[in-house]
Amino acid sequence: MESEVVRTEMVLAPSLPFKKVQTADKYPKGQSRGRQWKHLRHLLQAADASTMPPDRPNYLNIQSPPSIYPSKRYCDITGFEAPYMDPRTKLRYADPEVFKQIRTLPDEYVQRYLALRNAAVILR
């Protein structure tokens with residue numbers, strides 16, 4: 001007697017719970033992986049500040065108290081943080097090489113650098 005051959009297809013779940021899901025399977029190309037940040041323009045459009053009362057805070061009228069930390073001081077020449085200040089010219093500098101350069105500057109250039117910082121001082 002010949003036994004009949006029965007064709008069966010194995011039915012499995014598309015993903016097994018004990019296997020790690022690959023990132024490519026979880027997020028197909030073109031889909032975002034997490035939270036998308038909104039630009040300020042989109043937030044302003046969504047808030048529609050013109051219909052809100054003026055005393056209610058929104059992105060256009062946020063007010064914050066002044067910082068409790070001291071303001072940072074930057075080098076007038078390089079733009080790096082400046083722990084030093086030249087007592088003669090009142091220019092801030094970051095390292096000794098910049099100090100040497102400051103001492104060789106003519107008074108006109110020193111005045112221009114101070115004017116950029118709104119600290120114009122008349123040198124004697």
Side-chain angles (χ1 to χ4, degrees):
M1 231 174 151
E2 281 185 26
S3 61
E4 285 187 29
V5 178
V6 177
R7 265 192 172 189
T8 60
E9 291 186 22
M10 200 166 157
V11 179
L12 292 176
S15 65
L16 300 173
F18 59 87
K19 285 194 165 189
K20 272 191 165 178
V21 177
Q22 296 294 322
T23 307
D25 297 335
K26 191 174 180 183
Y27 303 107
K29 196 171 189 177
Q31 288 186 359
S32 65
R33 293 183 179 208
R35 179 179 173 150
Q36 287 187 338
W37 297 98
K38 294 181 180 178
H39 296 283
L40 179 61
R41 181 174 40 121
H42 297 296
L43 293 172
L44 292 175
Q45 287 175 351
D48 194 19
S50 61
T51 60
M52 291 186 171
D55 59 335
R56 187 166 175 201
N58 57 31
Y59 288 100
L60 294 175
N61 66 1
I62 291 178
Q63 295 180 2
S64 63
S67 176
I68 59 172
Y69 299 106
S71 61
K72 290 190 176 183
R73 297 185 172 158
Y74 296 101
C75 176
D76 291 313
I77 308 297
T78 62
F80 295 123
E81 279 195 53
Y84 315 109
M85 185 178 75
D86 179 19
R88 192 183 83 187
T89 62
K90 305 293 188 225
L91 287 175
R92 297 178 184 144
Y93 61 95
D95 53 36
E97 289 84 22
V98 177
F99 178 69
K100 290 175 189 172
Q101 186 180 4
I102 287 175
R103 286 296 172 111
T104 61
L105 287 175
D107 288 342
E108 178 186 341
Y109 289 173
V110 171
Q111 289 296 324
R112 288 181 184 175
Y113 277 117
L114 289 171
L116 286 174
R117 188 169 32 118
N118 291 330
V121 175
I122 298 173
L123 299 176
R124 298 176 189 170

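Worth knowing before you read on, the calculation uses all heavy atoms, side chains too, and leaves out hydrogens, waters and symmetry mates.
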Ignoring hydrogens and angles, write down the donor-acceptor pairs under 3.5 Å from the side chains of residues 66-73, residues two or more places apart or on other chains.
{"unit_1": "Ser67", "atom_1": "OG", "unit_2": "Tyr69", "atom_2": "N", "d": "3.1"}

Met85 side, atom CE; Ile102 side, atom CD1 - distance, nearest 0.5 Å:
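Going from the CE atom of Met85 to the CD1 atom of Ile102 covers 11.0 Å.
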Could you state the interatomic distance from CG (Asp95) to NZ (Lys100), rounded to the nearest 0.5 Å?
9.5 Å
Over all heavy atoms of both residues, which pair between [X] and [Y] is shortest? Give the atoms and the distance, please.
{"X": "Ala94", "Y": "Cys75", "result": "N-SG, 3.7 Å"}
{"X": "Leu114", "Y": "Lys90", "result": "CD2-O, 3.8 Å"}
{"X": "Arg92", "Y": "Asp76", "result": "N-OD2, 2.9 Å"}

Evaluation steps, side chain to side chain contact (heavy atoms under 4.5 Å, CB included), between Val110 and Leu91
CA-CA 8 Å; Val110 171; Leu91 287 175; 4.1 Å; yes
Among pairs that include at least one residue of residues 79-101, which meet ring-ring contact (aromatic ring centres under 6.0 Å, His included), considering only residues two or more places apart or in two chains?
Tyr84-Tyr93, Tyr93-Phe99
Could you tell me whether the side chain of Ile77 reaches within less than 4.5 Å of the side chain of Leu105, counting heavy atoms only?
yes
